[in-house]
Each structure stands twice: as C-alpha cells, then as structure tokens.
Number of protein chains: 2
Amino acid sequence: MDIKIVDVAAKAGVSPATVSRVLNNNSNVTARTKEKVMKVIDELGYQPNAAAKNLRSQRSMIIGVIVPEINNSYYAEVIKGIENKAYAQKYKVIICDTGNNKEKELDFISLLMNKTADSMILVTPHLSDEELCHIADMNYLIGIVGRRVDHDKIPCVYTDNVKFSKEVVSHLVEQGHRKIAFLSGYADAVDSYERLEGYLKALREHHIPFHPELIENGDFSEKGGYEAMKRLIEKQADFTAVYAANDEMALGVYKACAELGIRIPEQLAVVGVDNNRISRYIQPKLSTVNQPKIKMGRAIVEKLINQLEHDEPAQERVLVLDSELMIRESSLTRAAKIAES
Amino acid sequence: MDIKIVDVAAKAGVSPATVSRVLNNNSNVTARTKEKVMKVIDELGYQPNAAAKNLRSQRSMIIGVIVPEINNSYYAEVIKGIENKAYAQKYKVIICDTGNNKEKELDFISLLMNKTADSMILVTPHLSDEELCHIADMNYLIGIVGRRVDHDKIPCVYTDNVKFSKEVVSHLVEQGHRKIAFLSGYADAVDSYERLEGYLKALREHHIPFHPELIENGDFSEKGGYEAMKRLIEKQADFTAVYAANDEMALGVYKACAELGIRIPEQLAVVGVDNNRISRYIQPKLSTVNQPKIKMGRAIVEKLINQLEHDEPAQERVLVLDSELMIRESSLTRAAKIAES
DNA sequence: AACGATTCGGAAATCGATTTCAATCTATTT
DNA sequence: AAATAGATTGAAATCGATTTCCGAATCGTT
C-alpha cells in the first residue's frame with residue numbers, strides 16, 4: 001500500500017502535524033527535526049495523497065482548459081503556452097476537447113466546477129457573454145482567451161479582431177483588389193462578428209461599396225470554407241480576393257480553387273487568420289494573421305494564478321496583444337512579387 | 001458558499017447517507033425518497049465536492065496523458081482519441097506536454113501518481129522499458145501507446161514498425177530506387193530502432209547492400225530532419241531516395257531540398273511516417289504511413305478503464321493495429337505517376 | 001394479529017492530509 | 001535561580017463525501 005503521513009511520522013518519531021509542517025509552511029520547525037523528517041520522506045519515497053490534500057486545502061492545483069478542437073494548431077499552441085506556464089507554477093492542466101459541441105462544453109464546465117479544477121480557461125466561440133458572466137457570478141474563476149468579456153471578475157487575453165481585419169482588407173486593397181469576399185465563421189461567434197466589422201470598416205475607409213452577396217458563412221473548418229467558396233461561385237458573385245475568417249477556411253478555399261482550376265494568387269487572392277502551421281507549407285504560401293498564441297496562453301495562466309493566490313488581481317484584467325499580418329504568396333500579385341524579390 | 005451534502009440532506013429531511021445513496025449505488029432507497037432528494041438536488045444545483053469524493057472513494061476519475069509535444073498532429077490525434085473515449089466513460093484527462101524533456105516527463109509521472117490520476121497513458125520515446133516496468137511494479141496502472149513493453153501489467157497499443165518500414169522500403173525499391181537513405185529519430189527511441197530494423201530487413205530481402213553512410217540520426221523534428229539531410233549531402237552520400245523516420249523529419253528534408261534546388265520526386269523520392277496533417281497539403285504531397293491514431297487512443301483508454309474497474313483485464317493486454325502505406329506524390333517517379341492517372 | 005424476513009435510513013467511522021489550540025521546551029532577562 | 005517570552009511540537013478537529021453497522025419500518029405469511 002501507499003505510504004501515508006502517519007507512517008512517515010511514526011518512523012521519524014514525530015507527529016503527522018510536524019511532517020506536514022516540514023512539507024508545507026516550514027514555519028517553526030527545528031533544522032534538526034526537519035532534516036530527520038526529510039530523511040525519512042526520502043527513504044520511504046513519501047508523496048502526499050493529492051485527494052486528501054485537495055480536500056483539506058480546498059485547492060486542486062488543477063486548471064481546466066476548454067477548447068473546441070485540440071488538433072488545430074491555433075488551440076494546440078494556446079494550450080502549449082498554458083501548459084508551460086502552469087507547469088512552472090506547479091499547476092496541472094486538464095484539457096477538454098469539445099469538438100465544437102456546445103452541450104459537451106457546458107457539461108465539461110459543470111464537471112470541473114466541483115472543485116476538480118481551481119479555475120478554468122475557456123477558448124470558445126460558442127458561449128455567449130451572458131453565459132460566461134453567469135459562471136463568474138457563481139464565484140468561480142474563469143479566464144477567456146481570444147475574446148473580450150466585460151465582467152470585472154473575468155481576465156481576458158486576446159488580439160484586436162477589428163484592427164487586424166482592417167489590416168487584411170487594406171492589404172488586399174493595396175494589392176489592387178476592390179471586390180473582396182469575406183468568409184465568416186460561425187455566425188454567432190464573436191470572432192466572426194468582429195472580423196466582419198473590421199472588414200466593413202476597411203471597405204468604408206477605402207470608399208469601396210459593400211456587396212452583401214460577397215459574405216458567406218462557414219464554421220471555421222476547412223469543409224465550411226470549401227462549401228462557402230462553392231456557394232460564392234455558384235451564385236456567380238464577382239470577386240478577386242477572399243478574406244477567410246481563419247486559415248482552416250482558407251484551406252477550404254484552396255481546395256475549391258484546385259477543383260475549379262482557379263489559380264491563387266493570379267486569379268484570386270486569399271488571406272486567412274491564425275497562422276496555422278499548414279499555412280506556411282501549403283502552395284502558394286498562405287497570407288495570414290499571426291497571433292501570439294503561446295504568449296496568450298502564458299498570459300492568461302499568469303492572470304488566473306495571480307487571482308487565485310492573491311485573491312485580488314495585481315495586474316490589469318484584460319490584455320490585448322498585438323497580431324501581425326503575415327504577407328505571403330497567396331495575396332501577392334505577380335507584379336508585387338517581382339517587386340519584392 | 002458551495003452547497004454541501006448536509007445542506008441537501010437537511011432540506012430534504014433525510015440524512016447525508018441517504019443523499020449519497022441516491023447519487024451513487026441507489027440501492028435501498030424508496031422511489032419516494034429518491035424523488036424527494038433528487039428534487040432538492042436540482043433546486044440547489046448540488047454537485048458533490050470532487051476532492052471529498054476522491055478521497056473517500058480512492059478514485060479521481062482522471063487519466064493522465066504524457067506526450068512529448070502536443071502541437072504535433074500525431075500526438076494531438078492520439079489525445080483526441082483518448083479524450084473522446086474517456087469522456088464517454090466519465091473520465092477526465094490531464095495532458096502533460098514534456099517538450100521532449102525527459103526530466104520533465106519523470107516529474108509529471110511522480111506528480112500524477114499521488115492519486116491525482118487513477119492511471120496514466122504514456123506516449124513516449126524517452127523512457128526505457130525498465131523505467132516503464134518499474135512504474136508498473138509500484139502497482140500503478142499505466143498504458144503505452146506507440147510501442148510494446150513486455151510486462152504483464154502494462155497494456156500497449158501500437159503498430160508494427162518493422163512491418164510498415166519494410167513496406168516503405170519495398171515501395172521505394174519498386175519505384176526503382178536502390179540507394180535509399182534512412183533518417184532516424186532519437187537514436188535510443190524504440191521507434192527509431194524498429195524502423196531501422198525494418199529498413200535493414202527490406203534491403204536484405206531485396207538483395208541491396210547496406211551502406212552505413214546512408215543512415216543519419218535526427219530527433220523526430222523538422223529541424224533534425226533538415227540537419228540530417230544536410231549532413232548526408234555534405235558527406236556526398238550517394239542516394240536517390242530518403243526514408244524519414246517521421247513526417248516532421250521529412251518536412252526538414254523538403255526544406256533542405258528547396259534550398260539546394262533538389263526536385264522531389266524527380267531527383268529524390270521522400271517517404272515519411274505518421275500521416276501528419278501537413279503531409280497532405282505540402283507540395284509535392286508526401287508519401288507516408290498512416291497509423292490509426294484516434295483508434296489507438298480510444299483503445300488504450302478502453303483497456304485501462306477495464307483494468308481499473310474490473311481489476312483483471314478482460315481482454316488482451318496488447319493490441320497491434322494495422323498501419324497503411326499512403327503513396328502520394330513524393331515517392332512516385334514520373335512514369336509511375338502517368339501510369340497511375 | 002403475530003412473527004420473521006427484508007428493506008430502508010440514520011449515526012458514526014472513515015479516507016489522509018492540514019491547521020488550530022494548547023502544552024512543553026528553550027532561551028533570555030532580572 | 002526564577003520568571004517570562006518565544007519557539008517547537010503534539011492532540012484533536014476539520015475538509016465533505018462514502019460506507020459500515022445497526023435499529024426501525026415494512027412486507028408477506030400463517
């Protein structure tokens with residue numbers, strides 16, 4: 001059987017309380033006793049039972065992370081950042097992959113709130129602000145990555161969708177495009193909404209009329225992008241560039257173009273968002289927006305742990321990080337390409 | 001404050017024991033009492049405290065998963081399989097990303113063994129068989145994905161490295177290659193070793209002499225593959241095909257070829273292993289070996305839960321799944337390509 | 001109606017650590 | 001040497017559920 005604190009205490013000739021003190025606060029224990037106890041702990045290979053510790057201390061040292069899809073480099077990198085920072089601070093990370101299923105997501109949330117996780121990080125386009133606030137109002141600490149929620153108990157780390165969206169469209173305009181289609185993600189997702197907003201604002205600034213038929217919805221997946229692109233073509237929409245709400249959807253556009261014999265970027269410019277790993281490898285290389293994903297993960301963990309351990313947040317509740325437009329081949333006209341080289 | 005079982009008991013006019021019975025075994029509770037208690041549970045939104053439950057029941061319903069790198073579609077997909085099956089069985093999953101750091105890996109293992117996780121799944125090339133057996137000997141349940149360990153307490157799910165390695169080499173030979181380089185992963189990893197073994201066996205079967213200078217070591221990363229390829233070139237090794245121990249390394253080969261102006265597959269055939277997502281998107285499409293990653297994840301969870309809940313494993317301890325050679329563009333000579341179309 | 005056999009439900013022990021409170025020991029001051 | 005303050009240590013309570021053990025209630029049978 002496992003070794004318990006009483007076993008250590010017995011062998012060291014002290015009380016369990018002393019062993020506990022040696023392992024934790026360390027306050028008021030003679031160097032001599034401490035050494036004696038440590039020796040026994042080493043000898044027996046004692047490790048405190050996590051369940052007992054959690055119960056008594058009301059802490060699990062676990063942070064839950066809820067993502068729509070783990071096998072997507074955007075989320076995988078955010079997780080990597082979370083995991084890294086958490087490990088450095090002695091927290092463990094429970095990952096929940098919802099497969100973009102909202103029901104499963106809510107299930108996970110209630111599953112982790114029972115003291116399984118001290119706090120949760122949500123990277124989700126599916127829950128409404130109200131739902132998120134409701135969790136925080138139950139006095140459960142959550143952090144959000146990738147969007148902003150206005151609730152004074154919810155730390156958020158994100159990039160400015162509107163801002164980079166405008167940059168994307170401006171870049172396309174600079175490349176000579178005026179008929180730019182926008183492929184949105186889930187219609188109700190904040191990201192979709194804000195990226196659309198940036199798109200519209202940029203059009204206005206460049207005095208380009210808005211054509212509603214150039215908007216199509218997808219679901220942030222390759223398949224969704226493919227189908228949205230097909231729909232654009234079918235309805236004979238007139239456009240020379242596509243701004244896809246994320247790289248996955250841009251991949252779908254590539255697929256549709258391959259099937260239809262449309263050459264990128266000669267006949268159609270394409271830009272995505274996320275700087276997924278694939279975007280660098282695909283031909284032509286996909287122009288996209290890079291977000292500091294690992295940094296975002298690290299930052300949210302930092303905020304959460306701060307709040308967990310000092311109760312009051314020492315720093316700003318929200319953190320807006322810079323994104324970077326990565327201009328690659330898919331959005332450069334030949335002329336521009338030559339000029340670049 | 002949170003609602004506790006005594007609160008429910010008080011409001012329902014029963015004892016905590018009864019509430020517990022309603023929630024768990026259900027034995028010996030009148031339908032009437034049960035209903036009454038359930039009503040109160042719903043009203044109060046009661047959720048049993050996980051820490052208390054874990055302590056008393058000696059179960060955490062958590063499975064730990066240790067992987068070298070989460071942002072790699074091989075591991076991400078295995079995790080997906082694990083996560084899915086675990087969720088269906090009401091288990092949660094703690095993910096530990098070791099970043100290929102063995103020390104961190106050992107740290108994670110001891111961190112989870114303190115009753116934090118009921119069991120652990122290791123997807124690691126870094127630990128020796130002895131180290132793995134040692135964990136199992138401490139009476140802690142672990143499962144292995146991707147390799148075989150001979151210990152009657154350790155369930156394993158994997159594919160036959162030697163077998164598919166031979167298939168890869170045979171395929172290259174059929175394409176007319178006789179000078180085939182092999183880029184290994186970590187020199188001490190089982191995967192590297194077995195894939196090399198398959199390579200050697202295939203050469204022998206095809207009566208092709210073995211040239212040691214055609215072997216280079218990497219570390220399963222793109223960078224490692226790139227550097228290994230560079231070394232092959234520098235020492236002016238004579239070869240027309242490269243078999244990389246995984247797709248990441250094959251990506252490195254692509255990069256080196258791009259720099260050196262070597263055309264794939266015309267001047268050099270390339271095959272990888274893993275069927276990483278990128279392998280389908282890169283130009284030319286990379287020939288590789290597909291492993292049923294999600295299935296592997298699901299299978300190991302099934303075995304572990306079986307063992308956890310029925311103590312004795314009901315099924316076979318090891319499961320060898322079939323892999324599939326995916327012949328794509330990177331290993332097809334022009335002639336073959338035309339013949340195919 | 002009386003009896004035994006079940007079923008149901010409560011009191012209390014338990015899981016293994018932490019922490020409070022009080023007791024003891026040490027050291028310093030007078 | 002005595003008194004007192006402060007540092008160490010231990011006994012026991014505690015965290016919140018589950019489970020054992022036992023008494024009470026219910027049921028069926030004669």
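Each chain gets a letter, A, B and so on, in the order its sequence line appears, and its residues count up from 1. All values below were derived from every heavy atom in this structure, side-chain atoms included, with hydrogens, water molecules and symmetry-related copies excluded.
Residue contacts for B:Ser57: at a heavy-atom cut-off of 4.0 Å it reaches no nucleic acid atom on any strand shown. Using a 4.0 Å heavy-atom criterion, one finds that B:Val19 contacts no nucleic acid atom at all. Using a 4.0 Å heavy-atom criterion, one finds that A:Asn54 contacts no nucleic acid atom at all.
If you check D:dT19, C:dT18, D:dG10 against the side chain of B:Arg56, the one that comes closest is D:dT19. Out of D:dT9, D:dT19, D:dG10, the shortest distance to the side chain of A:Val29 is found at D:dT9. Comparing atom distances between the B:Tyr46 side chain and each of D:dA17, C:dA17, D:dT9 picks out D:dA17 as nearest. Distances were taken from every side-chain heavy atom of B:Lys4 (C-beta onward) to each of C:dA11, D:dA17, D:dG10; the shortest belongs to D:dA17. Checking C:dT20, D:dG16, C:dG10 against every side-chain atom of B:Asn49, the shortest atom distance belongs to D:dG16.
We find that CD1 of B:Ile5 is positioned 13 Å from C1' of C:dG10, with the value rounded to whole Å. One interatomic measurement links the two molecules: NZ of B:Lys34 to P of C:dT7, which rounds to 17 Å at whole-angstrom precision. Between the CD atom of B:Gln47 and the C1' atom of D:dG16 there is a distance of 14 Å, rounded to whole Å. For the pair B:Arg32 CZ and D:dA25 P, the computed distance is 15 Å after rounding to whole Å. Following rounding to the nearest Å, A:Arg21 (CZ) and D:dT9 (P) show an atom-to-atom distance of 8 Å. Atom CG in B:Asn24 sits roughly 7 Å away from atom P in D:dT19 (whole-Å rounding). Spacing between atom CG of B:Leu55 and atom P of C:dT14 amounts to 14 Å, rounded to whole angstrom units. The distance from atom CD1 of A:Ile41 to atom C1' of C:dA17 is 13 Å, rounded to the nearest whole Å.
OP1 or OP2 of D:dT9 has not a single side-chain nitrogen or oxygen of A:Ser15 nearer than 4.0 Å. One finds a side-chain N or O of A:Lys53 lying less than 4.0 angstrom from the OP1 or OP2 phosphate oxygen of C:dT18. OP1 and OP2 of D:dT14 both lie 4.0 Å or more from every side-chain N or O belonging to A:Gln58. Residue A:Thr30 has a polar side-chain atom (N or O) positioned under 4.0 Å from OP1 or OP2 of D:dT9. A sub-4.0 Å separation between OP1 or OP2 of C:dG9 and a side-chain N or O of B:Thr33 is present.
To the nearest 0.5 angstrom, B:Glu35 atom CD is 11.5 Å from B:Thr30 atom OG1.
Enclosure of atom CE in A:Met61 by more than 12 non-hydrogen atoms of other residues, nucleotides or ligands within 6.0 angstrom is indicated. Residue B:Lys102 qualifies as enclosed at atom NZ: its count of foreign heavy atoms under 6.0 Å is above 12.
Of the charged side-chain nitrogens involved, none lies within less than 4.0 Å of a carboxylate oxygen, so that B:Asp137 and B:Lys153 do not count as a salt-bridged pair.
Taking 4.5 Å as the limit, some side-chain heavy atom of A:Ile154 sits within range of a side-chain heavy atom of A:Ile144.
Among A:Glu105, A:His126, A:Glu69, the single residue meeting the side chain to side chain donor-acceptor pair (under 3.5 Å) criterion with A:Asn100 is A:His126.
Toward the 5' end of DNA chain C, the nearer of the two residues B:Ala52 and A:Ala17, judged by each one's closest nucleotide, is B:Ala52.
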